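One structure is given here, and the rest of the page talks about it.
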Amino acid sequence: MEPLTEHRQVSGPVVYGFLRLVRVSAARHAALAASLTEYCRSHELQLSGVFTDRDMSSGPASAAFTGLLDVLALPDVYGVLAPAMSHLGPKAIAAERGRRIETAGSRLLLVRGPRPAHPPVTSNSPVRRRSPGITRVLDAES
């Protein structure tokens, strides 16, 4: 699907990316940055920069995250884009960072949202069972 604004030069909402990359190869870094760029292209967002946190011991106030909060204070910034919630850090740090992003008046956009704890099962769903039994082959005469 092509963007709705393909024939007009309309800049989308401004977002900044955030990646937490501790002990990650350059190829992985490039792939994650490319996924943010593609997400923005397909959702008509303007990716204005990507902040990369490589320090795992700094807590919620790392230099990269502090820089991100600084740009969120600029006018016309829509939000923060991350590949997944885990890129904000371990659960306690991610929760604090998410709260700070909301306090700044910005949205947190995740390329890959949280996974459901358990897939929903309905009573109307057929139960699929694999049978280790015999496979019958029917020929044209049966």
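What you are looking at is a predicted structure, and each value in this text was computed from that prediction instead of being measured. When reading the values below, keep in mind they use all heavy atoms of this one structure, side chains included, and skip hydrogens, waters and symmetry mates.
- Note that the CG atom of L81 and the OG atom of S35 stand 7.5 Å from one another [nearest 0.5 Å].
- Between L88 and L108, the closest side-chain pair of non-hydrogen atoms falls below 4.5 Å.
- A donor-acceptor pair is defined here as one N or O able to donate and one able to accept, closer than 3.5 Å; no such pair exists between the side chain of S106 and the backbone of E102.
- In this structure, CG on L19 lies 5.0 Å from OG1 on T52, to the nearest 0.5 angstrom.
- Cation-pi geometry between R97 and F65 is met: under 6.0 angstrom from the ring centre, within 45 degrees of the axis.
- Counting heavy atoms from C-beta on, the side chains of T37 and R41 never come closer than 4.5 Å.
- Between L110 and A84, the shortest heavy-atom contact is CD2-C, 3.8 Å.
- Closest non-hydrogen pair, G89 versus A94, comes out as O-CB, 3.6 Å.
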CA sep, side-chain torsions, deciding dist, call: L72, V80, side-chain contact (heavy atoms from CB on, under 4.5 Å) = CA-CA 8 Å; L72 293 181; V80 176; 3.7 Å; yes
Check the pair I101, F18 against side-chain contact (heavy atoms from CB on, under 4.5 Å), reporting the backbone distance first and the verdict last.
-> CA-CA 11 Å; I101 290 168; F18 189 80; over 6 Å; no
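- To the nearest 0.5 Å, the span separating CG on L21 from CZ on R28 amounts to 8.0 Å.
- Counting all heavy atoms, side chain and backbone alike, P60 lies closest to E96 at CB-CG, 3.8 Å.
- L32 and P83 make their closest contact through CD2-CG, 4.0 Å (heavy atoms, listed as atom of the first residue, atom of the second, distance).
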In sequence, state the C-alpha distance, the side-chain angles, and the governing distance for L74 and V14, and then conclude on side-chain contact (heavy atoms from CB on, under 4.5 Å).
-> CA-CA 10 Å; L74 296 172; V14 173; over 6 Å; no
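- Looking at residues two or more places apart in sequence or on another chain, you find a side chain to side chain contact (heavy atoms under 4.5 Å, CB included) between H43 and Y39, L45.
- The list of side-chain hydrogen bond (donor to acceptor under 3.5 Å, both in side chains) pairs with a residue in residues 14-23, not counting sequence neighbours, is empty.
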